[in-house]
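Worksheet for the structure shown next.
These numbers come from the heavy atoms of this one structure, side chains and all, not from hydrogens, waters or symmetry mates.
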Amino acid sequence: MNAILKDRTSTKEIAMPGGRLTKQERQQIALGLADDLAYAEIARRLDRPTSTVTREVLRNGGPVDYRADLAHRAAERRTHRRKQTTPRGQETLPQAHGRDAEAVREFEESFTTLFMQSGVPRIGAGVLTCLLTSDAGSVTAAELAQRLEVSPASVSKAISFLEGQGLVRREPGEGRRERYVADNDVWYQSIIGTAQSNAQLATSAREGVSVLGRDTPAGERLENIARFMDFISESLVRAAAQAREILHTRSGTPSDDPS
């Protein structure tokens with residue numbers, strides 16, 4: 001199995017560095033996952049960035065359910081849909097503000113992958129990326145469904161999840177259409193949510209201390225965990241409160257000075 005991963009001659013003849021993954025590369029990714037290799041090691045053997053392998057695996061079922069043939073067919077379908085919906089030659093045209101369309105797409109995929117790694121479901125991660133990279137500042141459900149190429153029901157489920165995490169809010173739109181927003185306070189609320197989770201863990205650990213006994217090895221271990229999580233929670237809340245104004249500071253103002 002390792003010999004197959006190390007032999008990259010045929011793959012390199014088919015794929016140029018930085019191009020789309022080939023079927024052979026996806027098969028090698030599947031073999032690497034079966035061999036319990038880290039994403040970085042698989043990427044090294046493919047001569048690819050680690051982010052490429054991570055994104056490929058996470059968007060196609062994760063390390064347990066990744067299947068090379070299914071992933072390749074899904075990629076072909078996405079490419080086919082893009083060609084159908086994009087006029088000839090427009091793929092390389094710059095977007096608004098002089099942006100390069102391909103560079104934007106690559107960034108959005110990488111950003112989405114980071115959210116997925118933090119535990120956000122795939123479509124929810126895509127929704128969050130769309131909201132954060134939108135110049136308009138808000139997006140409708142129909143716009144999200146079209147941009148992510150998913151059903152309205154999938155968008156609705158993703159929005160419900162993100163709302164439950166405090167990452168998205170709704171605001172009135174035209175007619176009966178709602179618009180969804182992920183404003184700058186998303187990051188503040190996320191840190192506060194983490195601090196609250198840590199505080200709950202500390203409380204639960206102290207309950208274990210009373211059950212197992214403070215003077216026992218297990219009780220002492222739980223007490224130390226509780227003290228540690230208390231400290232982390234309080235530090236996060238304090239740091240978030242002190243830094244919150246940064247989220248509302250325009251670039252180029254004196255607040256951007258690290259000093």
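- A donor-acceptor contact under 3.5 angstrom links the side chains of R179 and S138, judged on distance only.
- Hydrophobic clustering places L247 together with V237 (ILVMFWY residues linked when any side-chain heavy atoms are closer than 4.5 Å, directly or through intermediates).
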Verdict with supporting geometry, R169 and E163, salt bridge (Lys or Arg N to Asp or Glu O under 4.0 Å): CA-CA 6 Å; R169 62 179 174 82; E163 279 188 310; over 6 Å; no

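- The shortest side-chain heavy-atom distance between Q24 and H72 does not fall under the 4.5 Å cut-off.
- For the 3.5 Å distance criterion, the side chains of S110 and S51 fail to qualify, holding no donor opposite an acceptor.
- The environment of Q146 atom CD is sparse: at most 12 non-hydrogen atoms of other residues, nucleotides or ligands sit within 6.0 angstrom.
- Between E41 and R44, at least one side-chain nitrogen of the basic residue sits less than 4.0 Å from a carboxylate oxygen of the acidic one, meeting the salt-bridge criterion.
- Among N198, T194, I192, the single residue meeting the side-chain contact (heavy atoms from CB on, under 4.5 Å) criterion with Q196 is I192.
- With respect to R48 and E25, a salt bridge is recorded, a charged nitrogen being found less than 4.0 Å from a carboxylate O.
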Derivation and outcome, side-chain hydrogen bond (donor to acceptor under 3.5 Å, both in side chains), residues T54 and T113: CA-CA 7 Å; T54 304; T113 299; over 6 Å; no

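- With no hydrogens or angles considered, a side-chain donor-acceptor pair links E56 and Y66 at under 3.5 Å.
- At least one donor-acceptor pair under 3.5 Å links the side chain of T133 to the backbone N or O of T129.
- Remark: the backbone N or O of S156 is paired with a side-chain donor or acceptor of S160 at under 3.5 angstrom.
- For the side-chain contact (heavy atoms from CB on, under 4.5 Å) with L222, the qualifying choice from L212, T216, V211 is L212, the only one to do so.
- Side chain of S204 to main chain of L201: no donor-acceptor pair is present (N/O by atom type, distance under 3.5 Å, no hydrogens or angles).
- Salt bridge annotation for R147-E143: absent, with no cationic side-chain nitrogen under 4.0 angstrom from a carboxylate oxygen.
- For the atom pair OG of S154 and CD1 of I159, the computed distance is 12.0 Å after rounding to the nearest 0.5 Å.
- Panel note: side chain R122, backbone M116; no donor-acceptor pair is recorded below 3.5 Å.
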For the pair D230 and R206, evaluate salt bridge (Lys or Arg N to Asp or Glu O under 4.0 Å) and give the outcome as yes or no after the intermediate values. CA-CA 11 Å; D230 275 341; R206 285 204 169 88; 2.5 Å; yes

Under the side chain to side chain contact (heavy atoms under 4.5 Å, CB included) criterion, do L46 and I42 qualify, and how do the steps go? CA-CA 6 Å; L46 291 175; I42 296 174; 4.0 Å; yes

